[in-house]
Amino acid sequence: MFANFDFDVIRRSLSYLFLDGMTFTLTLTGLATVGALVFGTLLALMRLSGSKPLVWFAGIYVDLMRSLPLVLVIFWFYFLVPYIGQWLTGSSRPMRVGAFTSSLVTFIIFEAAYFSEIMRAGIQSISKGQPAAAQALGLTYSQTMRYVVLPQAFRNMLPVLLTQTIVLFQDTSLVYVLSIPDFLGAASKVAQRDGRLVEMYLFAAVVYFAISCIASFGVRRLQARIAFVH
Amino acid sequence: MIEISHVDKWYGTGFQALKDCTTSVAKGEVVVVCGPSGSGKSTLIKCVNALEPFQSGEIVLDGIKVNDPKTDLPKLRARVGMVFQHFELFPHLKIIENLCLAQEKVLGRSHEDAMAKGAKLLDRVGLKDHARKFPAELSGGQQQRVAIARALAMDPIAMLFDEPTSALDPEMISEVLDVMVDLAREGMTMMVVTHEMGFASKVANRVIFMDQGEIVEDAPKTDFFGSPRSDRAQKFLSKILSH
């Protein structure tokens, strides 16, 4: 049945697919994870702060982001960010924002909602005696968080955070709606140019599957190691 | 050194955890607080360094009012050591790092000074060979001695102990009590919540007995063990000394 297929198209486009496409995908995944983790941790701290306005803000933010489809947010942001930039800088015309910046910002603000819930669970998993002991030594609230609570929360939640990162890695393929040549976008371009849709999409699926599978396996091993230390 | 006057504390609106508690701990004095569980003794000692807020009354620590909103609480807490029932060492830090963290971040000591001080105190509690281990690698008794050393590293003017031996296996209690007895004999001001009446009779100056949030008895050690005035204290003593 493969008689009519030309799998050589994959070999011919390998360097474009990986050097351009996969590099973009991995860069976006990496930067978005770091950004979303930082922003998400701030949201989690707000939500646990006990200050009503902060709790409200973080709560509404998280619920809002988690009830919107990601594609919608990507689209919406791409068209809106130039105007927000214009408004913020007070310039006379919409700010020029590249597709990469726009998608990075989108993934950070969207994924932060998910990372914040993970970090919140992580912070709540630390016994109350830990911050009490830190405060009894004279550490301020922010020092207590920075040196005592967050490192432990992060460590306890590392497997879950990494699993979420794998989801994020797959989600980055949605930037195809902005015609950005990420891995899937690059595969799609080659597929349409050479009329080899089945071959290219099959190959893309195999690559996503292989990377996600290997990463999940790594996370499981890490989980076992962390469980052992405790 | 520690002046507690007319302190009331409610949890929520219903349960009153402390009722009009008044007592004091003078410089160099060792005061043991005992009483049945739920009597408010842990709550009282946590009010002293404002880990627990209270609604009325006042606590003055070395001339500084604890429940004054203007008081710099981290600065005040750094001057009083506290030891917890469940040790509360920081599990992600090595033993020596547990001792250095607050010295560096709160007192602003250099890493070298903090390390030297930490090593000296570990030696003092008999654990200098364990500096590079993590807390989970130590026994309960060893962890509690590290916790005492961690508090002492801040050069505290007084030490608060919240049931320091209640979570320990019996064979580890004495190694912790020995450290505490040494401290008391060196003249450290101490407020100790404990059921260890042997420790109380050895080094305490005064014993406070609490029940249902009230200070029922506050007497010099010899009076307390000789002839407690209240029925409740007598009953409590007969129960814990009968074995």
Side-chain angles (χ1 to χ4, degrees), chain A residues 37-38 40-41 44-45 48-55 115 118-162 219 222-230, chain B residues 42 45-46 48-53 72-93 97-109 114 134-137 143-144 146-163 167:
Chain A
L37 185 61
V38 172
T41 302
L45 289 174
L48 296 171
S49 67
S51 138
K52 262 208 177 117
L54 291 180
V55 173
F115 279 98
I118 297 171
M119 284 310 285
R120 184 162 73 119
I123 293 167
Q124 284 175 323
S125 74
I126 310 298
S127 85
K128 291 226 164 32
Q130 285 286 307
Q135 284 175 330
L137 284 165
L139 269 69
T140 60
Y141 171 80
S142 56
Q143 287 175 326
T144 299
M145 284 299 158
R146 182 167 160 201
Y147 299 116
V148 175
V149 176
L150 289 179
Q152 293 184 58
F154 179 76
R155 191 187 146 147
N156 292 352
M157 287 294 129
L158 194 56
V160 191
L161 290 168
L162 288 173
V219 171
L222 181 80
Q223 205 161 16
R225 261 187 57 196
I226 289 179
F228 182 67
V229 171
H230 272 273
Chain B
S42 284
I45 203 170
K46 281 179 181 155
V48 172
N49 63 354
L51 282 183
E52 288 276 2
D72 183 350
L73 282 180
K75 205 172 153 194
L76 183 72
R77 289 181 183 131
R79 303 177 62 208
V80 197
M82 185 159 209
V83 175
F84 296 82
Q85 183 177 2
H86 296 289
F87 333 134
E88 303 300 351
L89 296 180
F90 306 132
H92 60 302
L93 299 178
E97 292 166 341
N98 263 276
L99 271 76
C100 288
L101 179 68
Q103 291 190 67
E104 291 173 33
K105 304 301 174 193
V106 177
L107 301 180
R109 284 184 188 148
F134 283 96
E137 298 173 72
Q143 288 192 49
Q144 194 61 298
V146 172
I148 295 173
R150 180 176 70 176
L152 290 175
M154 304 296 283
D155 293 320
I157 54 169
M159 288 282 285
L160 308 171
F161 292 84
D162 183 11
E163 305 208 30

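Per chain, numbering begins at 1; letters A, B, ... match sequence-line order.
Annotation for B:Val106 and A:Gln143: closest pair CG2-OE1, 4.3 Å, computed over non-hydrogen atoms. Here the closest non-hydrogen pair linking A:Gln130 and B:Phe90 is OE1-CD2, 3.2 Å.
Interface residue B:Leu89: only backbone heavy atoms are found under 4.5 Å from chain A. Proximity to chain B is limited to the side chain of A:Ser127, based on heavy atoms less than 4.5 angstrom apart. Proximity to chain A is absent for every atom of B:Val83, based on heavy atoms less than 4.5 angstrom apart. For a residue to count as touching a neighbouring chain, one of its non-hydrogen atoms must lie under 4.5 Å from one of that chain's; by this rule B:Arg150 touches chain A with backbone and side chain alike.
If you take NE2 on B:His92 and CZ on A:Phe154, they are separated by 12.5 Å, rounding to the nearest 0.5 Å.
Among the candidates B:Lys75, B:Arg77, B:Lys46, B:Met82, the residue making the largest number of heavy-atom pairs closer than 4.5 Å to chain A is B:Arg77.
Interface with chain B: from residues 131-141 of chain A, residues A:Ala132, A:Ala133, A:Ala134, A:Gln135, A:Ala136, A:Leu137, A:Gly138, A:Leu139, A:Thr140 qualify, criterion being any non-hydrogen pair under 4.5 Å.
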